Undergrad: 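Before we start, here is the structure in question, set down as structure tokens.
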There are 2 protein chains.
Amino acid sequence: MSRPEASRRPIGRRPGDPEATKQGILDAARQAFATSGFDRATIRTIAESADVDPSLVLHHFGNKQTLFARAHELPFDPDELVTSVIETPLSERGEVLARLYLTVITAEHGTPLSLMRAAATNDEAAVMMREFVDATLLARAAELAPGPGGELRLAIAGAQLFGIGFARAVLGISTLRRRSTEELVGVVAPLIQQLLEPAGPEH
Amino acid sequence: MSRPEASRRPIGRRPGDPEATKQGILDAARQAFATSGFDRATIRTIAESADVDPSLVLHHFGNKQTLFARAHELPFDPDELVTSVIETPLSERGEVLARLYLTVITAEHGTPLSLMRAAATNDEAAVMMREFVDATLLARAAELAPGPGGELRLAIAGAQLFGIGFARAVLGISTLRRRSTEELVGVVAPLIQQLLEPAGPEH
């Protein structure tokens, strides 16, 4: 905080150990996200508390979403995941999104689920998750779920998938546990598909 | 436990204060559900630890579901709620269930939500919730969601509604918070309706 300017931007300060530098950045990021939330934690402040230059953070992690994912050991890159869904033809996205969610995102004992558990009982963790979902998923609603009300339809799709993952892996509802992911995708994908299409669910 | 038989069934032991007796039963029930889960906590063991006759528990609370609801101050009677949905024509159930869930069950700061929060981080609470959902909702799948695969369709419907309530009230996803419950019902009800009908979602 009150450090002199010279030590605040120590470019290449640990040139001999890039892994230690990366770990320092990840530790600083996890701390910053937990205390400030996703929005207010910036690449600049994270770099500062890790004693590195912001350009080094971007060099290693690309952007804040990826940094968040790596800091929390998420088993996917959120930006790449969303981009891959957007590159899928609209008519197949329901199935792709349902499968991605139920396999990758809510894999049992996975870190995304730990974050969700934390968000359930800790207000700071809830703010962090909400801002991360906003920045990663809902900010791209126009591409993911085109048409009027797309952001609402996308938010409902995400919440529904989250609910199924949670009921299955956290509550352990046996009707859902007994079924394979593909069986669940078979029932859920048509619903998600309706939410992603411009007309929305039929009334 | 090792009490003599005479004191184990003290019928009318506190005849002067029925409210204190009821409170004693509720305290014993909450404790029993938390430690043994919903299935293994029986009316008999709860009566025993409250020092009353099992018939008095049934007299005051009717059945174990209602006792659970009252012990956790749920703002509804689960048995009556499910029965009211079953008495609704199948073609209107999606809307009725979506509205009930989003208004009554996941009301912000409500006790059902507190139970869900607890279940997210505490294994005993998760077991209790799972068994309660099984006994209250999924056990009546044949009536609620008739036809093949009804139990799976009902479980998915419940999990989806839970996810929306959770994303809105716990995570505070702003896209969902900004909308009225009726706006959400308008988008969600057609999906729940498809899940409750024998044919299930179209493929």
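Numbers restart at 1 for each chain; the letters A, B, ... are given by sequence-line order, proteins then strands. All values below were derived from every heavy atom in this structure, side-chain atoms included, with hydrogens, water molecules and symmetry-related copies excluded. None of these values were measured; they are calculated from a predicted model.
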Undergrad: Measure the spacing between CD of A:Gln160 and CD1 of B:Ile164 and express it to the nearest 0.5 Å.
TA: 4.5 Å
Undergrad: Does any non-hydrogen side-chain atom of B:Val127 lie less than 4.5 Å from one of A:Leu171?
TA: no
Undergrad: Name the member of A:Ala141, A:Gly172, A:Ala119 that forms the most heavy-atom pairs with chain B at distances under 4.5 Å.
TA: A:Gly172
Undergrad: If you round to the nearest 0.5 Å, how far is CD1 of A:Ile156 from CZ of B:Arg168?
TA: 9.5 Å
Undergrad: What part of A:Val133 gets within 4.5 angstrom of chain B, counting heavy atoms only: side chain, backbone, both, or neither?
TA: side chain
Undergrad: Tell me which pairs pass salt bridge (charged side-chain N to carboxylate O under 4.0 Å, His left out) where either residue lies in residues 123-136 of chain A, with sequence neighbours left out.
TA: none
Undergrad: Work out which heavy atom in B:Ala120 is nearest to a heavy atom in A:Phe166; give both atom names and the distance.
TA: CB-CZ, 3.5 Å
Undergrad: Does A:Leu152 reach the side chain of B:Leu184, with side-chain heavy atoms less than 4.5 Å apart?
TA: yes
Undergrad: Provide the closest heavy-atom pair for B:Ala159 versus A:Leu176 in the form atom of the first, atom of the second, distance.
TA: CB-CD1, 4.2 Å
Undergrad: Working to the nearest 0.5 Å, report the span between CG of B:Leu138 and OG1 of A:Thr175.
TA: 4.5 Å
Undergrad: Crowded around B:Glu183 CD? As in, over 12 foreign heavy atoms under 6.0 Å?
TA: yes
Undergrad: Side chains of B:Thr121 and A:Asn122, heavy atoms from C-beta outward: is any pair under 4.5 Å?
TA: no
Undergrad: As a test of understanding, state which of B:Ile192, B:Leu191, B:Val188 forms a side chain to side chain contact (heavy atoms under 4.5 Å, CB included) with A:Pro201.
TA: B:Leu191
Undergrad: Less than 4.5 Å to any heavy atom of chain B: does that hold for the side chain of A:Leu154, its backbone, both, or neither?
TA: neither
Undergrad: The criterion is ring-ring contact (aromatic ring centres under 6.0 Å, His included); which residues satisfy it with A:Phe38, sequence neighbours excluded?
TA: A:Phe33, A:Phe68, A:Phe132
Undergrad: If you measure from the Lys or Arg side-chain nitrogens to the Asp or Glu carboxylate oxygens, is any gap between B:Arg178 and A:Glu151 under 4.0 Å?
TA: yes
